[in-house]
There are 2 protein chains.
Amino acid sequence: MTEKSARGRPRQYDAKAALGAALMEFRRRGYTGTSLDHLSEATNMARPSLYAAFGDKHAIYLKATAQHAEDSIERLNRALIDEPSLAKALDGYFSALVAIYSEGGDRPLGCPVLSVITGEAVADPVIGAELFAALGRTDARFRDRIAAARDDNQLPHATNIDAVAEMLAALQHSLAQRARAGTARPELGRIARNSVALILKAAGAARD
Amino acid sequence: MTEKSARGRPRQYDAKAALGAALMEFRRRGYTGTSLDHLSEATNMARPSLYAAFGDKHAIYLKATAQHAEDSIERLNRALIDEPSLAKALDGYFSALVAIYSEGGDRPLGCPVLSVITGEAVADPVIGAELFAALGRTDARFRDRIAAARDDNQLPHATNIDAVAEMLAALQHSLAQRARAGTARPELGRIARNSVALILKAAGAARD
DNA sequence: TGAATTTATTGCGAAACGGTACAAAAATGA
DNA sequence: TCATTTTTGTACCGTTTCGCAATAAATTCA
């Protein structure tokens, strides 16, 4: 992907930076509301260069979110897994999540996936599949973490893993929704902490 | 609004039906993805008639959701308030909510508000304000119901009303998100029941 | 019957849309 | 120096978009 081409005119753009700028446009304007002209201006790439580099609008969005997942989400997930205490792991995870959802200066931009493509998910099959897959990844992540906590005796053996994981996913979905509606970061953080505490209580978590 | 005009050519459209058809278009295509041509075809009204009857795209959407709130949400909310048992009230509420979110035949259409305008909420101030207001109404509804249950001794007096209401709102946001991603009605119903049970357990609800 | 009023229909025009063709520019290799 | 290769920039195509102007149709009142 990043092979340095020996010949030909050297490209003037940085693919990574361009995808980052493109994702910011999508987050600000929504998927349909973002035109190739917007992306062209934001990335400082002419429309044909954009097309040659990444493909059409679908491909640009998918590559932009894939890079974001590599850069931000991966680190966030590792924090969830690496921290042995379930309570601390969840607090750390949601704290970092709120930071991402609150990006955008004065106006929180919400989730790069949920807050951007939900409106298109029914009419656009490609987008619908991406949204479905993203939800599945989040569910799996929480299920794995809850199962590990149960195996570590931080939760009762009778814990309904699916139910607890679904509540954690619901919290994530809700934070994305609230951020997109303009709820500021401190309030999002407060909601996240309160909700994590309530969910752990419901799950019968041991004190730590 | 519905005064029968004594003179002039009688209108051929039914405003109520037209707004219902318009809302279906918005739910299927998303706000930005729905053009006035789409609305014109769906309502069997020429574009100029649409414009004269309801105004521009913002006004059409706002009027369509306002009518939907009167028709469906109002009844749903009354069920939440009128049922004395908190557990039964919540099960009834979310069961009806899942039914609405699952409309659309094979493909669930999700929430007429959350699933339709989230993508536009940052770039479009009118839409942003509407989304913010809709979230606030949902929060207030749950807070009122939880407070009533606490006053009725179905919840401990020390209940954190905000925290419980926020979890219920999170469940609603999550159901909208999952429906929009294609999760079918039985699965949505299962998630709703499991989550309500878990939230009531966390809140320390009395058995009924 | 004919004037007045209200709605419906047709169609226009300027702008924006996604996508692409084509030539100019900037590098390497011979 | 000159051919080759790759990216950039300009310009364009066909379609869709919104909004409105102008005209036709359908009704009531005199």
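Each chain gets a letter, A, B and so on, in the order its sequence line appears, and its residues count up from 1.
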Residue list, ring pair (Phe, Tyr, Trp, His ring centres under 6.0 Å) with [X], at least two apart or on another chain:
| X | result |
| --- | --- |
| A/Tyr51 | none |
| B/Phe26 | B/Tyr31, B/Tyr61 |
| A/Phe142 | A/Tyr93, A/Phe94 |

Check: Can you pull the ring-ring contact (aromatic ring centres under 6.0 Å, His included) pairs that have at least one residue in residues 102-137 of chain B, sequence neighbours excluded?
Finding: none

Which whole-number value in Å describes the distance from [X] [atom1] to [N] [atom2]?
| X | N | atom1 | atom2 | value |
| --- | --- | --- | --- | --- |
| A/Tyr13 | D/dT6 | OH | P | 13 Å |
| B/Asn44 | C/dT7 | CG | C1' | 16 Å |
| A/Arg11 | D/dT6 | CZ | C1' | 9 Å |
| B/Gln12 | D/dA26 | CD | C1' | 9 Å |

Partners meeting salt bridge (Lys or Arg N to Asp or Glu O under 4.0 Å) with [X] (sequence neighbours left out):
| X | value |
| --- | --- |
| B/Asp139 | A/Arg178 |
| A/Glu103 | A/Arg27 |
| B/Glu120 | none |
| B/Arg150 | none |

Notebook entry, point to check: Which nucleotide, C/dA26, C/dA8, D/dT10, lies nearest any side-chain atom of A/Pro10?
Noted result: C/dA26

Notebook entry, point to check: Got a salt bridge between A/Arg47 and A/Asp37, using NZ or NE/NH1/NH2 to carboxylate O under 4.0 Å?
Noted result: yes

Protein-nucleotides 1-4 of chain D N/O pairs closer than 3.5 Å?
| from | atom 1 | to | atom 2 | distance (Å) |
| --- | --- | --- | --- | --- |
| D/dT4 | O4' | A/Arg7 | NH2 | 3.4 |
| D/dT4 | O2 | A/Arg7 | NH2 | 3.1 |

Which pairs of donor and acceptor atoms, one on a side chain in residues 104-113 of chain B, lie under 3.5 Å apart (sequence neighbours left out)?
none

Checklist line | Proximity to DNA chain C (any heavy atom under 4.0 Å), residues of residues 14-31 of chain A only | finding: none

Notebook entry, point to check: OP1, OP2 of D/dT8 versus side-chain N and O of A/Ser49: anything below 4.0 Å?
Noted result: yes

Checklist line | Point-to-point distance, once rounded to the nearest 0.5 Å, from OG of B/Ser85 to CG of B/Asp91 | finding: 8.5 Å

Check: Which parts of nucleotides 12-24 of chain C does protein reach within less than 4.0 Å, heavy atoms only, written one letter per nucleotide 5' to 3' as B for base, S for sugar-phosphate only and - for none?
Finding: B----SSBBB---

